[in-house]
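Here you go, one structure.
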Amino acid sequence: MDKTYAPSSIEQRLYQQWEAAGWFAPSGQGKPYCIMIPPPNVTGTLHMGHAFQHTLMDALTRFHRMEGDNTLWQPGTDHAGIATQMVVERQLNAAGTNRRDIGREEFLKRVWEWKEQSGDTISRQMRRLGNSVDWTRDRFTMDAGLSEAVTEVFVSLFEQGLIYRGKRLVNWDPVLHTALSDLEVLAEPEKGSLWHFRYPLADGSGQLVVATTRPETMFGDTAVAVHPEDERYRHLIGQQIRLPLTDRLIPIIGDDYVDREFGTGCVKITPGHDFNDYEIGKRHQLPLINILDASAVLNDAVPAAYRGLDRVAARKRVILDLEALGLVDKIDPHTLPVPRGDRSGAVLEPWLTDQWYVRIAPLAAPAIKAVEDGRIRFVPDNWSKTYYQWMNNIQDWCISRQLWWGHRVPAWYDNDGNAYVARTLADAQSQARGKQGKEVALTQDDDVLDTWFSSALWPFSTLGWPEQTPALKTFYPTNVLVTGFDIIFFWVARMIMMGLKFTDEVPFREVYITGLIRDENGDKMSKSKGNIIDPLDLIDGIELEALVAKRTSGMMQPHLKERIEKATRKQFPQGIPAYGTDAVRFTFAALATMGRDIRFDLGRVEGYRNFCNKLWNAARFVLMNTEGQDCGTGGPVELSTPDRWIRARLGATVEEVRGRFAEYRFDLAAQSLYEFAWYEYCDWYLELTKPVMLSDSYSAAQKRGARQTLVQVLETYLRLLHPLMPFVTEEIWQAVAPLAGRSGPTIMLQAYPARADFPADAEAELAIGPIKAAVLAPRQIRGQLDVPQSRKVPLFMKTASAADRAVVDANAELIRSVASVSEITLITDEATLPLVSMTIVEGRTFYVPLATLIDDVDAELARIAKRKARTAQELAKCEAKLANPNFAANAPAEVVAQERGRIADFRSELAQLEEQAARVTSLRG
RNA sequence: GCGCGCGUAGCUCAGCGGUAGAGCACUACCUUGACAUGGUAGGGGUCACAGGUUCGAUCCCUGUCGCGCGCACCA
């Protein structure tokens with residue numbers, strides 16, 4: 001092994017070996033375990049959120065694979081209808097053409113080309129992240145098989161009356177020219193105005209003042225509404241208004257939808273362009289006037305002067321004209337939620353069109369029940385509330401999109417406008433024949449389906465459904481879905497509904513909801529904010545200039561460029577160093593707390609990169625001392641107290657890590673793994689082993705015991721860590737495993753460590769106490785007196801405990817060596833000692849002759865005073881607690897006893913410290 | 001308005017009804033034969049605030065303040 005840990009030289013090589021060997025595929029044996037990847041956009045790239053979730057999925061996958069389960073992590077991508085179409089359209093625009101000019105067929109050809117060209121970005125990234133997905137099963141939502149599933153589901157739902165076509169108001173994107181579902185609408189408050197217009201009564205007897213945020217829609221007004229019990233207006237109900245700028249008369253109606261407190265209490269009703277007004281219109285049988293075309297330009301339904309104006313121009317014109325007529329009462333500033341498309345950012349219009357809908361209530365009911373009765377469990381559990389809240393108020397789902405890229409709606413129309421929903425054109429034709437009694441020409445619906453419609457089928461469509469494949473039988477229902485809370489509605493809920501509907505089974509038993517990765521300021525990472533980090537740039541590192549270029553290229557809003565560049569230069573003046581995949585993965589695991597926001601901290605990555613290096617070097621130490629030597633096969637093996645202790649600690653860690661994985665606490669699993677390796681194995685065990693390796697005073701059996709423990713603990717630990725850090729563990733394992741008596745081509749397929757392999761050892765765990773104390777004591781004294789740790793000093797340990805004495809006697813040489821102590825002497829009385837420095841560790845008192853340390857006696861007095869103050873403070877707290885009569889009366893006996901014990905300890909400590917201070921003072925002079 | 005989350009060391013975050021923790025940052029000492037991407041010893045916190053329950057609250061309950069998110073919204 002090289003002296004320094006160099007991830008770049010091991011990671012890609014190992015991944016290629018794993019993949020080539022076919023080790024990612026299910027073994028075909030054992031309990032099935034399956035995770036479906038949330039399919040990323042095929043033409044996109046993985047962002048930090050993906051890398052995060054993939055790390056957790058891979059950890060689970062690798063863990064279960066090592067457990068011997070028949071493990072499948074199913075990969076794939078989705079076609080991301082709108083997003084992908086937009087990208088290709090932009091390419092066309094740049095080339096001076098557009099999709100209408102080249103036509104649907106040619107356009108689709110271009111999209112597929114783009115998919116082929118960019119589609120391997122994601123798989124390349126996943127390979128670099130070490131994701132052990134079964135690549136042979138890679139799926140794409142537009143694949144033939146998955147498309148067949150989409151058609152089957154659509155037709156089947158239609159046949160059951162759960163899909164219908166209807167003319168209704170939808171959220172219309174006038175830029176992209178497509179309908180959107182409710183979920184794709186983002187309504188942020190924006191500053192606007194509330195215009196008050198005077199609408200004259202038809203009989204000339206007066207006027208009503210209506211308040212509106214959208215003056216331009218007045219041409220679609222078909223009523224003015226007031227509250228039926230509003231004293232001011234109710235006598236006017238039934239009368240007519242002469243709608244200004246038009247020659248139309250519209251009625252005054254009463255409807256308790258009207259809020260008397262808001263505005264003037266009079267509302268203009270525009271059923272064709274407002275969802276609430278649409279409902280009112282239905283209640284009052286009002287006509288519905290559509291005044292906009294698909295681009296939100298005023299159409300021929302408005303007076304000639306306004307035709308052809310877009311929304312914005314029309315608004316200005318209406319206000320001017322009403323002002324000229326003296327009909328503008330006032331204009332108040334007003335903040336209102338403005339609905340925008342989540343992709344285009346365009347202000348959406350409620351617009352009357354024919355669309356396909358899923359009747360959702362019958363699908364939602366069983367899906368709610370599945371979570372209620374525990375067949376599906378959310379982790380953390382409180383996300384189920386979010387789920388319920390949405391599911392209980394769910395609206396029919398508009399699934400048609402006026403796009404070209406996607407699954408085309410399997411419906412055909414004859415010339416009379418009759419629709420035939422069918423699995424194939426031939427089916428549709430035969431239906432049409434049945435209806436019309438003759439052969440008729442059919443044309444397929446132009447629209448495609450919402451991408452989420454196909455995503456909703458992902459857990460079973462990827463396994464071959466509607467065929468009853470062996471894979472489907474084996475892996476469905478899947479075990480866990482790992483995803484972010486931002487797509488609970490878009491995706492998770494819809495998978496549950498579709499899964500239950502078409503397989504009578506839940507699609508997954510658990511849903512582990514992760515937090516969202518944010519930048520160091522807590523902001524969401526996005527291209528427009530310029531704060532994205534490509535996970536690969538953390539792995540490979542990136543120069544500052546390249547990073548700036550990456551963040552500022554291809555921007556939708558070029559004016560942000562300067563600010564992004566400045567912020568980037570400030571935050572990463574040196575660019576980003578290469579950390580390697582393992583460090584990045586370990587960081588993600590360590591950050592996977594149960595909260596909802598995760599601030600990504602580069603400092604953590606650096607810390608865990610150092611951890612990789614630490615592990616690497618520990619392994620080098622182990623190899624250096626074991627390779628080519630007898631690790632326990634050549635004769636009797638004697639295990640020392642440290643050997644037994646570290647084995648027991650490893651066992652406890654195994655148990656801890658297994659438990660943490662089982663409850664999806666990757667952060668705590670990472671913490672346990674980190675702490676064991678660094679604070680126990682490296683800090684203590686390796687140090688305690690060095691003398692055994694180096695000195696001749698240990699027997700062959702003792703040396704065998706130490707070597708065997710070194711390699712066995714390391715080998716086991718590597719397996720324990722492997723799911724989180726696949727590469728460095730594999731690389732080290734290859735070298736270490738044979739020494740530990742393990743063989744196999746890869747760590748990936750080795751058994752995950754079991755607690756039973758390293759049982760608890762109470763005796764050893766107790767006996768390590770005095771050894772550690774004897775090592776810590778001189779360190780403490782030297783450290784606090786600023787004396788180099790390398791200075792050898794004699795050490796006196798005062799103890800009355802026979803057990804302590806036995807342990808220290810038996811390990812005296814070890815302690816001398818590790819603690820850098822010339823001699824350790826056990827005493828029961830310090831009276832005969834020369835002027836010494838004193839310390840108490842875990843209730844054990846130690847002395848080092850002051851003359852061997854320093855000349856300045858005051859330094860020792862200062863140390864003692866400081867320690868005394870702290871002890872006195874603790875003592876006071878305990879005494880106050882015990883002084884409370886209720887405490888002794890009510891607290892559990894063991895707590896009281898513990899408290900009394902502490903007081904005794906503190907008092908004895910304090911007495912010794914005082915004595916020490918007195919002695920030092922008296923001997924000074 | 002309804003629902004949810006967060007507030008613990010300078011920063012990023014764990015934790016827990018009974019002695020406040022980690023990483024990073026900071027201070028001092030140390031180039032000791034795995035590792036300076038390191039070692040050792042330290043400094044630093046009225047656990048947002050106020051009540052309540054309890055022998056005991058950072059933890060449980062209620063409220064307040066601050067920050068954030070989701071859903072629904074009055075034209």
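As the structure is a prediction and not an experimental result, all values here were calculated from the model. Residue numbers begin at 1 in each chain, while the letters A, B, ... track the order of the sequences.
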Distance below 4.0 Å between W390(A) side-chain N/O and C2(B) OP1 or OP2: no

Integer-rounded Å distance: U19(B) P and L882(A) CG: 14 Å

Where at least one partner belongs to residues 585-599 of chain A, residue pairs that pass side chain to side chain donor-acceptor pair (under 3.5 Å), sequence neighbours excluded: D58(A)-R585(A), R518(A)-D597(A)

First of N382(A) and L776(A) reached from the 5' end of RNA chain B, by closest nucleotide: N382(A)

Sugar-phosphate, base or nothing in reach of R518(A), heavy atoms under 4.0 Å: nothing

Test side chain to side chain contact (heavy atoms under 4.5 Å, CB included) applied to W195(A) and H334(A), step by step: CA-CA 9 Å; W195(A) 286 271; H334(A) 181 62; over 6 Å; no

A34(B) base / E687(A) side chain donor-acceptor hit below 3.5 Å: yes

Nearest to side-chain heavy atoms of R902(A), which nucleotide of U19(B), C35(B), A41(B): U19(B)

Rounded distance in Å - CD1 (I394(A)) to C1' (C71(B)): 13 Å

Touch class at under 4.0 angstrom, heavy-atom based, for C682(A) against every strand present: base

Shortest side-chain distance from E874(A), nucleotide among U19(B), G70(B), C55(B): U19(B)

Side-chain N or O of T593(A) closer than 4.0 Å to phosphate OP1/OP2 of A14(B): yes

Touch class at under 4.0 angstrom, heavy-atom based, for R260(A) against every strand present: nothing

Secondary-structure notation, RNA chain B, from Watson-Crick and G-U pairs under 3.5 angstrom (| other strand): (((((((..((((....[..)))).(((((.......))))).....(((((..]....))))))))))))....

Residues that F485(A) engages under ring pair (Phe, Tyr, Trp, His ring centres under 6.0 Å), provided they are two or more places apart: W383(A)

Short side-chain N/O contact to G23(B) OP1/OP2 from Y679(A), under 4.0 Å: yes

Proximity to the side chain of R665(A) - top-ranked nucleotide from G23(B), C35(B), G15(B): G15(B)

Nucleic acid contacts - residues 185-199 of chain A versus RNA chain B, non-hydrogen atoms under 4.0 Å: none

Per F887(A) side chain, nearest of listed nucleotides G39(B), G18(B), C69(B): G18(B)

Under 4.0 angstrom between K385(A) side-chain N/O and C4(B) OP1 or OP2: yes

Closest to the N884(A) side chain, choosing from C55(B), C71(B), U37(B): C55(B)

Residues which pass ring pair (Phe, Tyr, Trp, His ring centres under 6.0 Å) with F676(A), listed by chain and number, not counting sequence neighbours: Y717(A)

Touch class at under 4.0 angstrom, heavy-atom based, for T270(A) against every strand present: nothing

Below 4.0 Å: OP1/OP2 of U37(B) and any side-chain N or O of N610(A): no

Phosphate OP1/OP2 of A34(B): any K3(A) side-chain N/O under 4.0 Å: no

K877(A) vs A20(B): side-chain N/O to OP1/OP2 distance below 4.0 Å: yes

C47(B) to G3(B) separation - P atoms, rounded to the nearest Å: 30 Å

N/O (side chain, R599(A)) to phosphate O (OP1/OP2, C13(B)) under 4.0 Å: yes

A14(B) OP1/OP2 closer than 4.0 Å to side-chain N/O of Q671(A): no

Distance, C1' atom - from C6(B) to C49(B), rounded to whole angstrom: 16 Å

Please list each protein N or O that sits under 3.5 Å from an N or O in nucleotides 29-33 of chain B, with the distance.
none

Touch class at under 4.0 angstrom, heavy-atom based, for R609(A) against every strand present: base

